[in-house]
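Throughout, residue positions are numbered sequentially from 1 according to the sequence presented.
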Amino acid sequence: MSTTRRAFLGGMGLLALGACGSPRGAAGGTAWEFTDDRGRKAGRPARPQRVVAQITAAAALWDLGIRPVGVFGPQKRPDGSNEVMIGNVDLSTTQSVGITYGEFNVDKFLSLRPDLLVTVMYGDELWYVPKEPTPTIESVAPIVGIRLNGRSARTNIEAFVKLAGDLGADPNAPAVVEARADFDRAAESLSAAAKSGLKVLIVSANKDKLYIATPTYHGDLKFFQELGVDVVVPNAGKDAFESLSWEQADRYPADVILVDSRAATSIPRAGLNAIPTWSRHPAVKAGQVFEWAAETPYSYNRFAPVLRSLTEALGKSHRV
């Protein structure tokens with residue numbers, strides 16, 4: 001996978017779609033098994049208690065009551081604030097075993113005495129898990145991969161609910177039930193707002209290229225579509241993005257633009273405004289540019305605000 005693709009991907013009915021678990025084992029000794037989205041079975045003599053997780057997966061599990069002892073993947077922005085994929089994870093209570101792509105401190109990982117590693121997947125790639133030390137990792141702890149691309153946000157959330165339940169969390173705990181209801185209400189509101197018919201373009205950018213997101217690839221954008229939002233589909237967007245030169249910045253008409261908010265993968269909106277071809281896009285001229293919280297963790301808690309944010313953006317916007 002190319003560095004550019006890594007930067008922009010990293011920097012998005014459960015049984016029918018892949019992950020499935022065995023009956024829950026007690027922490028005290030019943031054997032535990034879980035089949036991940038690669039079709040691989042992870043097994044332990046007892047239910048795993050010490051989980052190390054890629055940060056997006058860690059955040060999804062965290063909101064369901066599973067507290068990883070270690071995390072890896074992007075955590076802080078240059079200004080010291082948390083990256084969006086951290087969600088509600090309290091970094092002061094867990095250990096980091098790596099931050100940048102390709103960085104994974106195997107010795108630190110082993111020191112945490114893990115009995116399970118959980119990561120997300122784009123295609124068949126275990127995100128932020130380097131291939132070379134994988135045999136060493138798996139000799140200590142099995143790996144569970146949850147595939148995110150090509151499935152809607154709701155399906156991905158359900159995948160983590162299933163995994164968390166198999167790890168001992170209660171999917172019907174009051175906090176989870178309340179978060180699910182809030183998510184459903186936010187989804188209904190966005191579906192109502194989408195009836196305005198406003199066309200939405202979702203982008204990421206660097207100084208050389210503008211990247212148009214393919215909605216069927218990204219779980220959040222696919223879910224927006226399912227709720228009726230008219231998301232721009234790029235002509236060449238068979239993968240995660242179609243890349244355009246800045247001379248083509250106004251290639252796709254839209255009423256609203258959402259811009260990738262990840263510090264590691266997209267230039268700030270102030271920098272975008274200095275690019276003449278960007279500034280001539282009708283949605284930019286109309287001031288109808290908002291944030292795309294790419295890589296929001298797949299939990300009810302984290303996604304309800306995303307849905308409300310888009311609902312608010314559509315409510316503030318008009319056809320251009």
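With hydrogens and angles disregarded, a donor-acceptor distance shorter than 3.5 Å links the side chain of Asn156 to the backbone of Leu148. Gln288 contributes a side-chain N or O that, together with a main-chain N or O of His318, makes up a donor-acceptor pair within less than 3.5 Å. Panel note: side chain Glu33, backbone Ala31; no donor-acceptor pair is recorded below 3.5 Å. For Trp62 (side chain) and Asn88 (main-chain N/O), a donor-acceptor pair under 3.5 Å exists by modelled atom type. Within the 3.5 Å criterion, the main-chain N or O of Asp166 finds a donor-acceptor partner in the side chain of Trp32. Side chain of Arg185 to main chain of Ala304: no donor-acceptor pair is present (N/O by atom type, distance under 3.5 Å, no hydrogens or angles). Checking side-chain atoms of Thr296 against main-chain N and O of Ala293 turns up a donor-acceptor pair under 3.5 Å. In this structure, the side chain of Asn82 does not engage the main chain of Lys76 through any donor-acceptor pair within 3.5 Å. A donor-acceptor pair under 3.5 Å is formed between the side chain of Gln54 and the backbone N or O of Thr56. Within the 3.5 Å criterion, the main-chain N or O of Val306 finds no donor-acceptor partner in the side chain of Ser309.
The cluster map of Ile, Leu, Val, Met, Phe, Trp and Tyr, joined by side-chain heavy atoms under 4.5 Å apart, puts Leu110 and Val69 in the same cluster. In this structure, Val106 is a member of the same hydrophobic cluster as Val97, with clusters built from ILVMFWY side-chain heavy atoms closer than 4.5 Å. In the hydrophobic cluster analysis, where Ile, Leu, Val, Met, Phe, Trp and Tyr join through side-chain heavy atoms closer than 4.5 angstrom, Trp278 is grouped apart from Val320. When the side chains of ILVMFWY residues are joined at heavy-atom separations under 4.5 Å, either directly or via intervening members, Val259 and Trp246 end up in a single hydrophobic cluster. Under the 4.5 Å side-chain heavy-atom criterion for grouping Ile, Leu, Val, Met, Phe, Trp and Tyr, Ile212 is connected to Ile275 within one hydrophobic cluster.
Ring centroid separation for the pair Phe104 and Phe72 comes in under the 6.0 Å cut-off.
Here the straight-line distance linking atom OG1 of Thr119 with atom CG of Leu126 works out to 6.0 Å at 0.5 Å rounding. Note that CD1 of Ile143 is 10.5 Å distant from CE of Met121, once rounded to the nearest 0.5 Å. Rounding to the nearest 0.5 Å places CD1 of Ile146 at 5.5 Å from CG of Leu163. One finds the OG atom of Ser189 at 11.5 Å from the CG atom of Leu310 (value rounded to the nearest 0.5 Å). Expressed to the nearest 0.5 Å, how far CD of Glu188 lies from CG of Leu307 amounts to 11.0 Å. Distance check: Leu272 CG to Ile267 CD1 gives 4.5 Å after rounding to the nearest 0.5 Å.
Taking the six-membered ring for Trp and thresholds of 30 and 60 degrees, Phe241 and Tyr211 have ring planes more than 60 degrees apart, a perpendicular arrangement. Taking the six-membered ring where the residue is Trp, Phe303 and Tyr298 present parallel rings, their angle staying beneath 30° rather than reaching 60°.
For the pair Lys222/Arg151, no side-chain contact is recorded, criterion being any heavy-atom separation below 4.5 Å from C-beta on. You'll find the side chain of Leu258 stays beyond 4.5 Å of the side chain of Val203, heavy atoms only. Counting only heavy atoms from C-beta outward, the side chains of Thr134 and Val129 approach each other to under 4.5 Å. Inter-residue side-chain proximity for Ser299 and Phe183 is flagged as unmet; no heavy-atom pair is nearer than 4.5 Å. Two residues are said to be in side-chain contact when any heavy atoms from C-beta on lie closer than 4.5 Å; Val144 and Leu116 meet this criterion. Within the 4.5 Å cutoff, side-chain heavy atoms of Thr214 are placed close to those of Pro234. Phe34 has its side chain out of reach of Pro142: every pair of non-hydrogen atoms, C-beta onward, lies at least 4.5 Å apart. Side-chain contact between Tyr300 and Asp63 is absent, with no heavy atoms from C-beta onward closer than 4.5 Å.
The residues Arg77 and Asp79 are annotated as not salt-bridged, no charged nitrogen and carboxylate oxygen being separated by less than 4.0 angstrom. Electrostatic pairing of Arg147 and Asp124 counts as a salt bridge here, judged by a charged N lying under 4.0 Å from a carboxylate O. A salt bridge links Lys316 with Glu312; the closest basic N to acidic carboxylate O contact falls under 4.0 Å. Salt bridge status for Asp230 with Lys195: absent, with no side-chain N to carboxylate O gap under 4.0 Å.
Sparse packing is recorded around CZ of Arg40, with 12 or fewer heavy atoms of other residues, nucleotides or ligands lying under 6.0 Å away. Sparse packing is recorded around CD of Glu178, with 12 or fewer heavy atoms of other residues, nucleotides or ligands lying under 6.0 Å away. Within 6.0 Å of NZ on Lys41 lie no more than 12 heavy atoms contributed by other residues, nucleotides or ligands.
Closest of all the heavy-atom pairs between Val200 and Ala254 is C-CB, 4.5 Å. The two residues Val84 and Ala294 come nearest to each other via the heavy atoms CG1-O, 3.1 Å.
Looking only at atom types and distance, the side chain of Ser96 has a donor-acceptor partner in the side chain of Gln75 under 3.5 Å away. One side chain, Glu103 or Thr100, offers a donor N or O that lies under 3.5 Å from an acceptor on the other. Between the side chains of Trp292 and Asp220, at least one donor N or O sits under 3.5 Å from an acceptor N or O.
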Would you check, one step at a time, whether the test salt bridge (charged side-chain N to carboxylate O under 4.0 Å, His left out) holds for Glu242 with Lys209? CA-CA 10 Å; Glu242 177 184 8; Lys209 296 283 186 180; over 6 Å; no
Which is it for Asn105 and Gln95 under the side chain to side chain contact (heavy atoms under 4.5 Å, CB included) test, yes or no, and what are the steps along the way? CA-CA 11 Å; Asn105 190 323; Gln95 299 291 313; over 6 Å; no
Under the criterion side chain to side chain contact (heavy atoms under 4.5 Å, CB included), I'd like the reasoning laid out for Phe109 against Ile137: C-alpha separation, chi angles, the key distance, then a yes or no. CA-CA 8 Å; Phe109 172 78; Ile137 293 169; 3.8 Å; yes
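Not a single ring pair (Phe, Tyr, Trp, His ring centres under 6.0 Å) links Tyr252 to another residue, sequence neighbours left out. Applying the side-chain hydrogen bond (donor to acceptor under 3.5 Å, both in side chains) rule to Ser139 yields no partners; only residues at least two apart in sequence or on another chain are considered. Applying the side-chain hydrogen bond (donor to acceptor under 3.5 Å, both in side chains) test to Arg280 and every residue at least two apart in sequence or in another chain returns Asp250.
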